[in-house]
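Working notes, structure below.
Since we're looking at a predicted model, the values are computed, not measured. All values below were derived from every heavy atom in this structure, side-chain atoms included, with hydrogens, water molecules and symmetry-related copies excluded.
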Number of protein chains: 2
Amino acid sequence: MKKIIFVFGLLILALLLLFQFSKYALISSHLKIEIIIAIIALVFFCVGIFINKKSLHKPTPVSEDINHQKIKDLDISKREYEVLLGISEGLSNKEIGEKLFVSESTVKTHVSNLLSKLNAKRRTQALQIAKDSNII
Amino acid sequence: MKKIIFVFGLLILALLLLFQFSKYALISSHLKIEIIIAIIALVFFCVGIFINKKSLHKPTPVSEDINHQKIKDLDISKREYEVLLGISEGLSNKEIGEKLFVSESTVKTHVSNLLSKLNAKRRTQALQIAKDSNII
DNA sequence: AAATGGATCATACTAAAGTACCAAATCACT
DNA sequence: AGTGATTTGGTACTTTAGTATGATCCATTT
């Protein structure tokens with residue numbers, strides 16, 4: 001919010017400066033009208049790109065970052081989350097166990113707890129829910 | 001490539017038109033210099049946003065759209081692809097069968113073919129590969 | 001000190017998933 | 001009309017996934 005006000009303030013300031021500059025340049029006849037127009041065009045072209053990048057670009061890619069709060073809300077422990085990441089990599093329970101240096105039984109326990117916490121019936125469904133919840 | 005040339009051609013054309021317009025407008029004195037500058041500023045502001053959105057915006061959010069060519073390259077049939085989508089929704093083979101109005105056996109066949117085509121051992125791994133290949 | 005919760009592991013079981021092989025119906029294309 | 005690819009479906013089998021239950025260990029909290 002503060003940034004937007006700041007940027008728009010700068011914009012208005014730049015606009016006023018350009019008006020004054022163009023008047024002065026025309027009266028003193030040191031510069032041709034084409035040059036002035038070119039400068040203005042270039043400046044606002046850059047402003048357009050800048051505005052688009054800062055203000056419109058960021059909200060569009062719909063939350064790429066993971067929602068840590070949601071993980072806590074779902075009461076998912078650290079170990080369970082690691083298992084969830086293993087699932088998202090397409091690993092089997094056995095492979096997840098080897099990766100985390102625990103037995104397959106342990107992984108199964110974590111998976112089972114994960115499924116009930118995510119309210120999923122299968123690991124693939126857990127993936128889908130986890131992605132929708134932005135915790136993955 | 002063709003698009004870029006086309007866009008730049010339009011840009012140069014617009015620039016020339018603006019030059020001519022500004023000259024005419026100044027000579028005939030129907031418009032004030034501020035108005036002309038404002039119009040030019042607005043136009044190039046919009047052009048800046050447009051260029052940024054079309055040329056720079058798309059490559060950045062790492063390809064949101066699915067790669068149909070890749071699907072063909074992997075020799076994945078239409079039905080197999082539908083099954084793949086079912087998997088990505090977290091459905092079981094039985095549920096996919098109900099959704100596509102075929103038996104679970106058929107779904108199993110499709111899944112098995114999918115896994116070998118995607119070079120995956122499990123459906124979760126198939127999902128991961130499919131996502132990396134932007135076919136999902 | 002006792003209770004709590006997370007992590008670990010095991011056993012025994014059921015339910016899915018996946019493989020292999022086969023076979024018939026359908027469809028597009030020549 | 002015939003050919004090849006797709007789709008469909010079945011049986012029989014192995015493997016993996018998931019559930020239920022119980023138990024131990026450890027760190028934190030009460």
Got a salt bridge between B:K99 and B:E82, using NZ or NE/NH1/NH2 to carboxylate O under 4.0 Å? no

C:dA16 phosphate, OP1 or OP2, under 4.0 Å from A:R122 side-chain N/O: no

End-to-end axis angle, where each axis spans five pairs of the helix from C:dA1-D:dT30 to C:dT30-D:dA1, to 10°: 50°

Interatomic distance, A:I76 CD1 vs C:dA7 P [rounded to whole Å]: 12 Å

Are any side-chain N or O atoms of A:E89 and backbone N or O atoms of A:G86, one a donor and one an acceptor, separated by less than 3.5 Å? no

B:K108 side chain to B:N93 main-chain N or O, any donor-acceptor pair under 3.5 Å? no

Find the distance A:K72:NZ to C:dG5:P and express it as a whole number of Å. 18 Å

Rounded to whole angstrom units, what separation is found between the CG atom of B:L115 and the P atom of D:dT14? 20 Å

Length of the NZ-C1' vector between B:K94 and D:dG10, whole Å: 17 Å

Pairwise side-chain contact, A:R122 with B:S92, heavy-atom cut-off 4.5 Å (strictly under): yes

Note, A:I71 side chain near A:N67 side chain (heavy atom, < 4.5 Å): no

Answer with yes or no whether the hydrophobic clustering places B:L74 together with B:I66; edges join I, L, V, M, F, W, Y residues whose side-chain heavy atoms lie under 4.5 Å apart. yes

D:dT19 P sits how many Å from A:R123 CZ, rounded? 11 Å

Would you check if B:L118 and B:I135 make a side-chain contact, meaning some heavy-atom pair closer than 4.5 Å? yes

Which one of A:L100, A:L91, A:I96 satisfies the side chain to side chain contact (heavy atoms under 4.5 Å, CB included) criterion with A:V107? A:I96

In whole angstroms, the gap separating C1' of C:dA16 from NZ of A:K108 amounts to 12 Å

Counting heavy atoms not belonging to B:D132, are there more than 12 under 6.0 Å from its CG? yes

Write down the distance between CG (A:L114) and P (D:dT19), rounded to a whole number of angstrom. 11 Å

Are the side chains of A:E104 and A:E98 in contact, using a 4.5 Å heavy-atom criterion? no

Please check if any side-chain donor atom of A:T109 sits under 3.5 Å from a side-chain acceptor atom of A:T106, or the reverse. no

Heavy atom of residues 85-93 of chain A under 4.0 Å from DNA chain C: which residues? none

I need a per-nucleotide contact map over nucleotides 3-9 of chain D, read 5' to 3'. Cutoff is protein heavy atoms under 4.0 Å; write B for the base, S for backbone only, - otherwise. ---SSBB

